[in-house]
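Everything on this sheet refers to the single structure shown next.
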Amino acid sequence: MLCYYMRKLLSRLPLRQFAGLLFVLPGLLFLLPDQPETRMHDSQEGIVYYTRSGRAEFTSRVPLHTFTGESDNLVGMIDLENNVIDFYIDLRSVETGIDRRDRDMHRTLSLDEHPFAEFTGALESPVELVSGNEKTVTAVGEFTVHGVTRDVRIDGTLILQDDNLLLEAEWELDIEEYDIEPPSFLFLQVNEIQEMRIEATMEPRPREEILGNNDS
Amino acid sequence: MALFFLFGWMGFLLAGSALAQLPREPVQEDRPVYNVFWSSKNVGISTVRNPSEGSLNTSVLHTFGLVDGGESRRGIDQFFGLDDGANTRIGLEYGITDRWSVGIGRMTFNKVVDINTKANILRQTTTNSMPVELAVKVMLGITTRPGQGLEFSDRLSFFSSVMVARKFDRFSLQLAPMVAHFNRPEMAGLVIRPEDEYQDQLFGLGVVANYEFNDRFSLGAEYLPVIGDRNAGTQDAMALALNIDTGGHIFQLFFASSQWHNEAFVMANNRDRFWKGDIRFGFNINRVFGIGR
């Protein structure tokens, strides 16, 4: 009985006239922003902020000792217009100051197979950047290291200064979540929590120049 | 019109499916070859290895008496040389850059203090754009044994070597022509006899080899013949070593003919022959501290 009334109702609807909506609606949706909007100046349209020489550090702790690994080869892009953040680093460029320890790190992280640590995501909420003012932001996305990807939230700050975007962020990384076995030396084991820190001065560049054919 | 909306569909689907990503590019393809040798000294011969910038390599080297007991030929009486006084050298080397270090050491025999510096002129690279390592080491030795009644300059010795090395997969080989000069030959610990000849200047060719079984163990060997005129009664030195990488330390357990701990004194005053059974047990410990970080 229910089916009968539904068929009757549908037969009275002018579906032919509305069929075009099946095409129109997605077209309109495409025109709408699908991610949080970041307020920008007109001059920022079509540009992304980019670096090839950002600094990345991690701090590891073993009992009675702390050491730091550093690299100035952090590569990244922040596209405020489309709210896309993408960073990566070739972990083979990270140095701890002792080449033997670097080699152990390379082995632990299986860098021959998985040389990059990478983050791809977006700002969690819109941000309006005013030159000289520091803004606290949260990035959400996927962080990959050792071939394992996890969802992460990373807090950081952005400052627009002299047309450049200054970025700083710190977070803690539990290497066991990425199937990394904490290295051990004799009876001492490296703490599984690594303190991560990045900073970069990012220059405005045309989006097409940076992303080329990778811009989807 | 229909085409416009078709593209609308496609755009809508693509916008939600992927974020723009930078192409992942490696930083540097051509890197220095790692671990041509595991420590800055094999047993008694320096290698091309330098501590990296800002790191301090500490080393303690010991060589005991003859395993066979020496003249008594009763090794057990001297517990295979361990009851004989060991020659011990404590050394520090600091990496000013990744290619240049300065160091100081002091050994028991003759109370010799040495001040040295080593520079890597060339580094072997992974792509073979540079096929060899080339390093230069110079050293000033000061014999501080008291009661000699000598001028300070008489106590000085000088040493220089050029080390050329290459790592072939797991096997490393180094050739190191070297020269040593003693202002007074007796400062090398020689007992001078009028009927014998002694040299102020000595030339040698250090040969060092290392084979890695895995990341933790390797077998090393070295041979140091004196080229040309030599001090009376001296012999070419040889050693075999097992290197153990514990993760924090490099231990070297070795059998060597010479009890001296730097090349100048090995060339000047080694009197033992490895293949005739003049073998001493010894061990070296190397530990690197990253004091720059």
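Each chain gets a letter, A, B and so on, in the order the sequences are listed, and its residues count up from 1.
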* To do: Tell me, for A:F87 versus chain B, whether the close heavy atoms (under 4.5 Å) come from the side chain, the backbone, both or neither.
  => backbone

Could you tell me whether the side chain of [Y] reaches within less than 4.5 Å of the side chain of [X], counting heavy atoms only?
| X | Y | value |
| --- | --- | --- |
| A:E118 | B:Q21 | yes |
| A:Y50 | B:L22 | yes |
| B:R31 | A:R92 | yes |
| A:R107 | B:D215 | yes |

* Contact class of B:D245 relative to chain A, heavy atoms under 4.5 angstrom -> side chain

[X] atom [atom1]: more than 12 heavy-atom contacts under 6.0 Å:
| X | atom1 | answer |
| --- | --- | --- |
| A:W171 | CH2 | yes |
| B:I90 | CD1 | no |
| A:D162 | CG | no |
| B:F79 | CZ | no |

* To do: Starting at CZ of B:R24, measure out to CD1 of A:I89 and round the result to the nearest 0.5 Å.
  => 12.0 Å

* **Name of the residue among A:S93, A:S71, A:P115 meeting side-chain contact (heavy atoms from CB on, under 4.5 Å) with B:V27** =>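 For B:V27, the side-chain contact (heavy atoms from CB on, under 4.5 Å) check succeeds only for A:S93.
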
* Structure fact -> All heavy atoms of B:E25 vs all of A:F116, minimum pair found to be O-CE2, 3.6 Å

* Asked: Has the side chain of A:Y88 got a donor or acceptor atom that lies under 3.5 Å from a matching backbone atom of B:P23?
  ->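 The answer is yes, because a donor-acceptor pair under 3.5 Å joins these two groups.
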
